[in-house]
2 protein chains.
Amino acid sequence: MSVTDELLENNARYAESFSGPLPLPPARKVAVVACMDARLDVYRILGLAEGEAHVIRNAGGVVTDDEIRSLAISQRLLGTEEIILIHHTDCGMLTFTDDGFTQSIQDETGLTPQWSAEAFADLDTDVRQSIARIRANPFVPKKDSVRGFVFDVATGKLNEVV
Amino acid sequence: MSVTDELLENNARYAESFSGPLPLPPARKVAVVACMDARLDVYRILGLAEGEAHVIRNAGGVVTDDEIRSLAISQRLLGTEEIILIHHTDCGMLTFTDDGFTQSIQDETGLTPQWSAEAFADLDTDVRQSIARIRANPFVPKKDSVRGFVFDVATGKLNEVV
């Protein structure tokens, strides 16, 4: 039995007490961008209930074209107005370099990815850069509340950077 | 007081009973790719605890270069072996077209985004396409368990597509 099968059994139990459906637009009009890290249960960290906020996640919680795409759809079509960006301590992205990762892929597959791994050397600096990418982007219209945080995996606290 | 400020107060309460830190690599060796939709609380839907699975999310739960980047890092550097892809009923991506969205942005900003909105007309078809993009990609090494589902926002159930 795979882990996926076990998680599907969990889903069957979840559905037993499920009360839906909720409306499509996020009730709190917030979009969260966060790292994919397994320790970040974004709904619990922010006390969000189902239906309240969009949650966008990737390796690092960095802002690339795909996060801009998601934020543009979130704000333009589904009414969100605030953005919360979350990086975290002990992040995997601090443990390697873009060049090293690309080289290891090339060594193994014989192919070079056309994307960069988006690794970073300093958490606060990358939070600032990700926030700056959102602020500078013409396709994300609402920028009155765009705030960046580092989640501390030892304490559970969000510490504001910018 | 902004919604962000309210969510930060929730975080302060979360931190009071927080017990960390957990290890960096996901304990269940699973990566989930899901839509950013506010109604999808992925940890609850799959019965995941903190520290168990990577969670990657964007508008639609589609697979673009950025999801491949995240999956490559997840498998190559952090040891995940299974992939679960989740789209859902009543998805916002079913309500518009790429061309219409691009045109509305162009009308408002005078600029055309270089990315496509990745809208889709049929859920099952897009689940199959997203799974196919993962299977066809040379940078994601582990493909023994790559499964795609549609989450029903009315019942809370995951229905397998591929």
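So you know, we letter chains A, B, ... as the sequences are listed, proteins then strands, and number each from 1. Computed from heavy atoms alone, side chains included, the values below leave out hydrogens, waters and symmetry copies.
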Part of [X] lying under 4.5 Å from any heavy atom of chain B:
| X | answer |
| --- | --- |
| A:S2 | both |
| A:I45 | both |
| A:L77 | side chain |
| A:E82 | side chain |
| A:L71 | neither |
| A:T4 | both |

Scanning both residues in full, the closest heavy-atom pair of B:F149 with A:L8 reads CE2-CD2, 3.6 Å
Taking all non-hydrogen atoms of both residues into account, name the closest pair between B:S70 and A:A59 and its distance. OG-N, 2.9 Å
Interface moiety of [X] toward chain A, non-hydrogen atoms closer than 4.5 Å:
| X | result |
| --- | --- |
| B:L111 | both |
| B:E81 | neither |
| B:T80 | neither |

Against chain B, work out which of [options] has the most heavy-atom pairs shorter than 4.5 Å and name it.
| options | value |
| --- | --- |
| A:E52, A:M93, A:E108 | A:E108 |
| A:T109, A:D65, A:D37, A:T64 | A:D65 |
| A:T95, A:N137, A:L78, A:D90 | A:D90 |
| A:V42, A:D152, A:T89, A:L158 | A:L158 |
| A:V62, A:T155, A:D144 | A:T155 |

Quick check for you: among B:I84, B:V3, B:I68, B:V153, which has the greatest number of heavy-atom pairs under 4.5 Å with chain A? B:V3
Which of B:S145, B:A117, B:G92 touches chain A most, by non-hydrogen pairs under 4.5 Å: B:A117
Check: residues 13-34 of chain B side-chain donor-acceptor pairs under 3.5 Å, at least two apart:
unit_1	atom_1	unit_2	atom_2	d
B:R13	NH2	B:N10	OD1	2.7
B:Y14	OH	B:E50	OE2	2.3
B:R28	NH2	A:E6	OE1	2.6

Among the clusters formed by ILVMFWY side chains lying less than 4.5 Å apart, do [X] and [Y] turn up in the same one?
| X | Y | answer |
| --- | --- | --- |
| B:L7 | A:L85 | no |
| A:L48 | B:L48 | no |
| B:V161 | B:F151 | no |
| A:I105 | B:I83 | yes |
| B:I56 | B:F120 | yes |

Gap separating the CG atom of A:N159 from the CG atom of B:N11, nearest 0.5 angstrom: 8.5 Å
From CZ (B:R69) to CZ (A:F101), nearest 0.5 Å: 9.5 Å
What do the steps show when you test A:R44 against B:D41 for salt bridge (Lys or Arg N to Asp or Glu O under 4.0 Å), and what is the final call? CA-CA 10 Å; A:R44 249 39 57 187; B:D41 183 344; 2.3 Å; yes
For residues A:N58 and B:R57, determine if any side-chain heavy atom of one lies less than 4.5 Å from a side-chain heavy atom of the other. no
Note, B:M36 side chain near A:V55 side chain (heavy atom, < 4.5 Å): no
I'd like to know if the side chain of B:Y43 and the backbone of A:Y43 have a donor-acceptor N/O pair within less than 3.5 Å. no
Derivation of the side chain to side chain contact (heavy atoms under 4.5 Å, CB included) call for B:E118 and A:I73: CA-CA 10 Å; B:E118 302 278 347; A:I73 290 168; over 6 Å; no
Carboxylate-amine/guanidinium contact B:D5 A:R147, below 4.0 Å: yes
Give a yes or no on this: more than 12 heavy atoms of other residues, nucleotides or ligands lie within 6.0 Å of atom NZ of A:K143. yes
